[in-house]
Amino acid sequence: MAAISTVTPPTFNLSSPSRNPNSASLSSLKLASPDANPSIPSSRSLKLHRNSRFVTAAATSPSAASPAANPTNTFHGLCYVVGDNIDTDQIIPAEYLTLVPSNPDEYEKLGSYALIGLPSTYESRFVEPGATKTKYTIVIGGDNFGCGSSREHAPVALGAAGVAAVVAESYARIFFRNSVATGEIYPLESEGRLCDECTTGDVVTIELGESKLINHTTGKEYKLKPIGDAGPVIEAGGIFAYARKAGMIPSRDA
């Protein structure tokens with residue numbers, strides 16, 4: 001009888017490195033960009049990410065590495081700064097959890113309520129009344145971002161509002177996992193307290209491939225921890241989209 005060979009699909013640890021010290025760290029895999037120049041080279045063309053929120057610098061050479069293997073995503077825009085222990089009820093209050101993200105209209109409504117639970121000490125509204133999108137592309141937080149109850153609506157609401165990435169000192173494990181699993185936002189970790197270094201309204205750029213954040217308003221640059229194995233999953237659009245792309249599960253058209 002012929003031997004039957006089996007192939008075990010790769011597994012992914014989607015826990016926040018800072019909140020799960022006993023498991024393999026996602027940041028152990030460095031995905032550095034081959035370009036040292038923080039700006040996008042003129043020899044590259046710009047293409048839109050799957051949801052038109054992320055801009056990717058795509059090499060024109062046919063032999064260039066794919067974004068999944070060598071991410072070169074660049075996020076640029078205004079930042080919104082919050083403090084420590086921002087919980088999921090502040091990100092999206094429980095009263096809005098009846099909204100279904102798979103419904104386009106309700107997905108848009110979720111975005112309009114993103115960070116509406118913040119206390120009145122935050123003078124700048126994250127999403128202006130009557131609007132569905134925020135003018136802030138990047139959220140910068142402190143320690144334990146996304147703590148509280150588990151709800152996938154939290155990263156989904158931020159993504160629906162137009163957020164490309166959150167940069168925090170550390171994350172609650174479940175928020176980090178939900179961010180990667182949904183593919184809505186990049187949960188990036190800073191090596192210091194950027195929430196004390198940046199101010200709401202500063203113009204910033206994140207170079208994902210070089211794992212750094214540039215604050216153009218202050219002229220300072222900051223090192224970020226590499227996104228590691230989570231990067232290709234988010235780039236694909238979430239864990240199920242990645243699994244279909246990798247052939248781990250049947251595609252929708254199968």
Novice: Do Thr74 and Leu208 have side-chain heavy atoms sitting under 4.5 Å apart?
Specialist: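 SC-SC contact between Thr74 and Leu208 ruled out.
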Novice: Could you pull out all residues at least two apart from Ser150 that satisfy side-chain contact (heavy atoms from CB on, under 4.5 Å)?
Specialist: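 Ser150 satisfies side-chain contact (heavy atoms from CB on, under 4.5 Å) with Ile174, Asn178 once adjacent residues are dropped.
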Novice: Is there any salt bridge (Lys or Arg N to Asp or Glu O under 4.0 Å) pair reaching into residues 113-122, and which pairs are they, with sequence neighbours excluded?
Specialist: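 Salt bridge (Lys or Arg N to Asp or Glu O under 4.0 Å) check on residues 113-122 returns no pairs.
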Novice: Quick one: do Leu213 and Leu194 satisfy side-chain contact (heavy atoms from CB on, under 4.5 Å)? Show the steps, please.
Specialist: CA-CA 10 Å; Leu213 180 145; Leu194 267 63; 4.1 Å; yes
Novice: Under a 3.5 Å threshold, yes or no: a donor from one side chain and an acceptor from the other, between Ser170 and Asp143?
Specialist: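 Result is yes, a qualifying pair exists.
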Novice: If you measure from CZ on Phe176 to CG on Leu188, what distance do you get to the nearest 0.5 Å?
Specialist: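 The CG atom of Leu188 is 8.5 Å from CZ of Phe176, to the nearest 0.5 Å.
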Novice: Any idea which heavy atoms bring Phe175 and Gly146 closest together, and the distance?
Specialist: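 Scanning both residues completely, I find the closest heavy atoms to be CB-O, 3.5 Å.
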Novice: Would one find more than 12 heavy atoms of other residues, nucleotides or ligands at under 6.0 Å from atom OH of Tyr96?
Specialist: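 More than 12 within 6.0 Å, yes.
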Novice: Where do Ala168 and Phe145 come nearest, in terms of heavy atoms and distance?
Specialist: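 In terms of heavy atoms, the two residues are closest at CB-CB, 3.8 Å.
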Novice: I'd like to check the ring-ring contact (aromatic ring centres under 6.0 Å, His included) partners of Tyr222; sequence neighbours left out, ordered by chain and number.
Specialist: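 By the ring-ring contact (aromatic ring centres under 6.0 Å, His included) rule, Tyr222 matches no residue at all.
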Novice: Could you measure the distance from the CG atom of Leu158 to the CG atom of Leu115? Nearest 0.5 Å is fine.
Specialist: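 Answer rounded to 0.5 Å: 5.5 Å.
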Novice: From Leu118 CG over to Ile86 CD1, what is the distance, rounded to the nearest 0.5 angstrom?
Specialist: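 Answer for the CG-CD1 pair, Leu118 versus Ile86, is 5.5 Å.
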Novice: Would a distance-only check, ignoring hydrogens and angles, find a side-chain to backbone donor-acceptor pair under 3.5 Å from Asp202 to Thr199?
Specialist: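 A pair under 3.5 Å: yes.
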Novice: Does any pair with a residue in residues 79-88 pass salt bridge (Lys or Arg N to Asp or Glu O under 4.0 Å), and if so which ones, sequence neighbours excluded?
Specialist: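 Sorted pair list: Asp84-Arg193.
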Novice: Which pairs count as salt bridge (Lys or Arg N to Asp or Glu O under 4.0 Å) when at least one residue sits in residues 145-164, sequence neighbours excluded?
Specialist: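 Checked against salt bridge (Lys or Arg N to Asp or Glu O under 4.0 Å) - neighbours excluded - the pairs reaching residues 145-164 are Asp89-Arg151.
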Novice: Counting N and O atoms only, with roles assigned by atom type, does the side chain of His153 sit under 3.5 Å from a partner on the main chain of Pro101, one being a donor and the other an acceptor?
Specialist: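 Flag not set: sc His153 to bb Pro101 has no pair under 3.5 Å.
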Novice: Considering all heavy atoms of both residues, which atom of Lys133 and which atom of Ala160 are nearest to each other, and what is their separation?
Specialist: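 Reported closest heavy-atom pair: NZ-O, 2.6 Å.
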Novice: Can Glu197 and Lys220 be said to form a salt bridge (charged side-chain N to carboxylate O under 4.0 Å, His left out), step by step?
Specialist: CA-CA 9 Å; Glu197 297 280 335; Lys220 295 182 179 180; 3.7 Å; yes
Novice: Quick one: do Tyr186 and Val166 satisfy side-chain contact (heavy atoms from CB on, under 4.5 Å)? Show the steps, please.
Specialist: CA-CA 6 Å; Tyr186 281 82; Val166 175; over 6 Å; no
Novice: Can you name the closest pair of heavy atoms from Gly201 and Leu78 and give their distance?
Specialist: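 Looks like O-CD2, 3.4 Å.
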Novice: CG of Asn85 to CG of Asn144: how many Å apart, nearest 0.5 Å?
Specialist: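 Between atom CG of Asn85 and atom CG of Asn144 there are 5.0 Å.
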Novice: What closest approach, in Å, do Phe240 and Ile249 show between heavy atoms, and which atom pair accounts for it?
Specialist: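 Taking Phe240 first and Ile249 second, the nearest heavy atoms are O-CD1, 3.9 Å.
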Novice: So does Ser124 get a backbone contact from the side chain of Tyr80, meaning a donor-acceptor N/O pair under 3.5 Å?
Specialist: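 It does hold such a pair.
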Novice: Considering residues at least two apart in sequence or located in another chain, which fulfil the side-chain hydrogen bond (donor to acceptor under 3.5 Å, both in side chains) criterion with Thr88?
Specialist: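 Testing Thr88 for side-chain hydrogen bond (donor to acceptor under 3.5 Å, both in side chains), a comparison that skips the adjacent residues, returns Ser149.
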Novice: With sequence neighbours left out, write down each residue that passes side-chain contact (heavy atoms from CB on, under 4.5 Å) with His216, or none if nothing qualifies.
Specialist: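 Partners of His216 under the side-chain contact (heavy atoms from CB on, under 4.5 Å) test: His76, Val203, Thr205, Ile214.
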Novice: Quick check: do Val167 and Val139 have side-chain heavy atoms less than 4.5 Å from each other?
Specialist: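 No, too far: nothing below the 4.5 Å cut-off.
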Novice: With sequence neighbours excluded, what pairs up with Lys135 under the salt bridge (charged side-chain N to carboxylate O under 4.0 Å, His left out) test?
Specialist: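 Testing Lys135 for salt bridge (charged side-chain N to carboxylate O under 4.0 Å, His left out), a comparison that skips the adjacent residues, returns none.
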Novice: Sequence neighbours excluded, which residues qualify as side-chain contact (heavy atoms from CB on, under 4.5 Å) partners of Val81?
Specialist: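 For Val81, the residues satisfying side-chain contact (heavy atoms from CB on, under 4.5 Å) (neighbours in sequence not counted) are Cys79, Ile140, Cys195, Cys198, Thr200.
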Novice: Please examine the side chains of Ile239 and Val180, heavy atoms only from C-beta on, and report whether any two atoms are closer than 4.5 Å.
Specialist: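 No - every pair of side-chain heavy atoms lies 4.5 Å or more apart.
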Novice: Return the minimal non-hydrogen interatomic distance between Phe126 and Ala161, and the atom names on each side.
Specialist: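 The pair with the smallest heavy-atom distance is CE2-CB, 4.1 Å.
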Novice: Tell me which pairs pass salt bridge (Lys or Arg N to Asp or Glu O under 4.0 Å) where either residue lies in residues 94-115, with sequence neighbours left out.
Specialist: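 Applying salt bridge (Lys or Arg N to Asp or Glu O under 4.0 Å) to every pair that reaches into residues 94-115, excluding sequence neighbours, yields nothing.
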Novice: Does the side chain of Glu189 reach to within under 4.5 Å of the side chain of Glu169, using non-hydrogen atoms?
Specialist: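 Side chain of Glu189 against side chain of Glu169, heavy atoms only: no contact under 4.5 Å found.
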Novice: Test Ile138 against Ile206 for side-chain contact (heavy atoms from CB on, under 4.5 Å), laying out the working first.
Specialist: CA-CA 9 Å; Ile138 296 161; Ile206 292 176; 3.8 Å; yes
Novice: Roughly how far, to the nearest 0.5 Å, is OG of Ser179 from CD1 of Ile185?
Specialist: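 Separation between the atoms: 4.0 Å.
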Novice: Assess the residue pair Val82 and Tyr122 against the criterion (side-chain contact (heavy atoms from CB on, under 4.5 Å)); give the C-alpha distance rounded to whole Å, side-chain angles, the decisive distance to 0.1 Å, and a yes or no.
Specialist: CA-CA 8 Å; Val82 295; Tyr122 289 88; 3.8 Å; yes
Novice: Decide salt bridge (charged side-chain N to carboxylate O under 4.0 Å, His left out) for Glu191 and Lys223; before the verdict, give the C-alpha distance in whole Å, the side-chain angles of both, and the deciding distance to 0.1 Å.
Specialist: CA-CA 6 Å; Glu191 295 195 346; Lys223 187 69 176 175; over 6 Å; no
Novice: Do you see a donor-acceptor pair shorter than 3.5 Å between the side chains of Asn73 and Glu235?
Specialist: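 Indeed, the side chains of Asn73 and Glu235 share at least one donor-acceptor pair under 3.5 Å.
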Novice: If the condition is side-chain contact (heavy atoms from CB on, under 4.5 Å), which residues does Pro129 pass it with, not counting sequence neighbours?
Specialist: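 side-chain contact (heavy atoms from CB on, under 4.5 Å) check on Pro129 returns Arg125.
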Novice: Do Val100 and Ile91 sit in the same hydrophobic cluster, where Ile, Leu, Val, Met, Phe, Trp and Tyr count as joined when their side-chain heavy atoms come under 4.5 Å apart?
Specialist: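 No, Val100 and Ile91 fall in different hydrophobic clusters.
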